[in-house]
Amino acid sequence: MIRDFQEINLASRNSFQVVQHASRLIEFETEEELMALFRRERFDRWMVLSGGNNILFTRDYDGVLLCPVAQEIELLGEEQGRVRVRVGAGREWDELVAWAVEHGLWGLENLSLIPGKAGAAPVQNIGAYGAEAKDVIRRVRFYDVAEDRMRSLGVEECGFGYRESIFKQALKGRVVITEIEIELSREANPRLGYGDVEREVERLGGATLRNIREAICAIRRSKLPDTAVLGNAGSFFKNPIVSHEVAEGMLTRYPEMPHYATADPAKVKLAAGWLIDRAGLKGYREGAVGVHEKQALVLVNYGGATGGEVIALARKVQAEVKKQFGVEIDTEVNIW
Ligand code: EPU
């Protein structure tokens, strides 16, 4: 079913809760509806607005926002304990994780409680606690607007990297993702190696699927602000990846600095949250915006902030980190 809104206030449709308007917003359910829309009307300007969890509006949107609302979770088949599942782009990601855990299927539990919809997961290859969407995604199906046809890409073709995919690069602005296909496992595969996860899982009584989900939810709730209460878009910045030499130089000055190996042995990932924290900005507040007091990677709207105020704070944070450590941190959130 199509729902078509004109001059719509986006405050309840972006997790930063900033007040901006869109000329038009269309919710669609099926691929047929989506294709018919593009064939019937020429959209001069359009973009996908999914859960609105990774976007900061700094001005009104004078075009058409397309919102997928398809909800299905369909079992496609099972072979040797590997279970294939098709998921509509509009399904809340965490509902999918909860469904998998209820059905005894492994693979999504470390990605519990990430806000957003299933169709957005491949775009930035969402990740947390040692897992990434690319570990479970097998295929992504989308409408290619330029070619006016449905297409799909297998996981190897999606260009997945740390918070990266082809959907942010070559296919940016030309496709609308309609569903993802994932593969889960009946066989237990606990991933507890990251941060406090193991300790929390032990406290709950051991590495069952349910305990891991519960542990991840508890850790996230303790550090990350609930978007229903405090406007935010999760990590505002990406963790920077620097050369081995740069990391070594920093480690001689800050031996306690968290750092992580990457797939490329010449590169090291640093923790932007630690850099911002160490720069003295954790909990820093400027009017209605601030750096979250429990996780410095997150910028928050204390109420009534504009996108411009958030951006001004982000620029200040970037400049301060650059000044103190010589490291550039890029934004993870999309800015309009
Ligand atoms: N740290 C600080 N101070 C802070 C924040 C972090 O010292 O204010 C230190 C921590 O103590 C730790 C290190 O920095 O040693 C890394 O922190 P954390 O484990 O909290 O993870 P992160 O690197 O800050 C990333 C993801 C999160 C994800 C967590 C857990 C990015 C940009 N962010 O954060 O994802 O939940 O790992 O895996 O990669 C998101 O993308 O929106 C998001 C929340």
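Numbering of ligands and ligand atoms starts at 1, following listing order. Residues: numbered from 1 along the sequence shown.
- Ring geometry, Y194 versus Y129: the interplanar angle exceeds 60°, so the pair is classed perpendicular (tilted spans 30 to 60°).
- Side-chain atoms of N232 come within 3.5 Å of backbone N or O of L230 as a donor-acceptor pair.
- When only modelled atom types and interatomic distance are considered, S235 and E332 share no side-chain donor-acceptor pair under 3.5 Å.
- Remark: ligand 1 atoms within the under-4.0 Å shell around heavy atoms of E332 are 32 (C), 40 (C), 41 (O), 42 (O).
- The shortest contact between atom 9 (C) of ligand 1 and any protein heavy atom is with W274 CB, 3.9 Å.
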Test salt bridge (charged side-chain N to carboxylate O under 4.0 Å, His left out) on E256 and R278; report intermediate values, then the result. CA-CA 11 Å; E256 75 287 9; R278 195 57 201 246; 2.4 Å; yes
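- Polar contact with ligand 1: absent for G130 (N/O pair, distance under 3.5 Å).
- Salt bridge absent: D226 and R221 never bring a charged side-chain N and a carboxylate O closer than 4.0 Å.
- Counting heavy atoms closer than 4.0 Å to ligand 1, residue P258 contributes side-chain atoms (C-beta onward) but none from N, CA, C or O.
- Applying the side-chain contact (heavy atoms from CB on, under 4.5 Å) test to R149 and every residue at least two apart in sequence or in another chain returns E147, R151.
- Residue-ligand proximity, A128 to ligand 1, at heavy-atom distances under 4.0 Å covers atoms 28 (C), 36 (O), 38 (O).
- With ligand atoms numbered from 1 in the order given, ligand 1 contributes 32 (C) to contacts under 4.0 Å with heavy atoms of F237.
- Counting only non-hydrogen atoms, the option in V298, V291, D277, D196 that gets closest to atom 3 (N) of ligand 1 is D277.
- Of all the atoms in ligand 1, the ones that sit under 4.0 Å from a non-hydrogen atom of G234 are 42 (O).
- Interface atoms of ligand 1 facing A271, defined by a heavy-atom separation under 4.0 Å, are 13 (C), 14 (O), 16 (C).
- Which parts of ligand 1 touch Y129 is read off a 4.0 Å heavy-atom cut-off, strictly below it: atoms 30 (C), 38 (O).
- Under a cut-off of 6.0 angstrom, the local environment of CD in E293 is sparse, with at most 12 non-hydrogen atoms contributed by other residues, nucleotides or ligands.
- Closer than 4.0 Å to atom 17 (O) of ligand 1 lies none of the heavy atoms of the protein.
- The protein non-hydrogen atom at the shortest distance from atom 24 (O) of ligand 1 is Q295 NE2, 3.0 Å.
- Of all protein heavy atoms, the one closest to atom 26 (C) of ligand 1 is R163 NH2, 3.5 Å.
- In the vicinity of Y162, heavy-atom distances shorter than 4.0 Å reach the ligand 1 atoms 31 (C), 32 (C), 39 (O).
- Nearest to atom 21 (O) of ligand 1 among the protein's heavy atoms is Y194 OH, 3.5 Å.
- Remark: R24 fails to qualify as a cation-pi partner of F43 under the 6.0 Å distance and 45° angle criteria applied to the six-membered ring.
- Counting protein heavy atoms only, atom 23 (O) of ligand 1 is closest to N239 ND2, 2.8 Å.
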Run Q318 and T331 through side-chain contact (heavy atoms from CB on, under 4.5 Å) and show every step you take. CA-CA 9 Å; Q318 286 171 314; T331 56; 3.9 Å; yes
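- Atom 34 (O) of ligand 1 has its closest protein heavy atom at L297 CD1, 3.8 Å.
- Among residues two or more places apart in sequence or in another chain, the side-chain contact (heavy atoms from CB on, under 4.5 Å) test is passed with R84 by L76, R138, E181, E183.
- Among all non-hydrogen protein atoms, the one lying nearest atom 42 (O) of ligand 1 is S235 N, 2.8 Å.
- A donor-acceptor pair under 3.5 Å links the side-chain atoms of D60 to the main chain of H21, judged by distance alone.
- When only non-hydrogen protein atoms are considered, atom 36 (O) of ligand 1 lies nearest to R220 NH1, 3.4 Å.
- For R174, the CZ atom sits in a packed shell: over 12 heavy atoms of surrounding residues, nucleotides or ligands are nearer than 6.0 Å.
- Judged by the shortest distance from any of its heavy atoms, F236 lies outside the 4.0 Å radius around the atoms of ligand 1.
- Below 4.0 Å from some heavy atom of K223 lie the following atoms of ligand 1, by number and element: 20 (O).
- The aromatic rings of Y143 and F38 are tilted relative to each other, their planes meeting at an angle between 30° and 60°.
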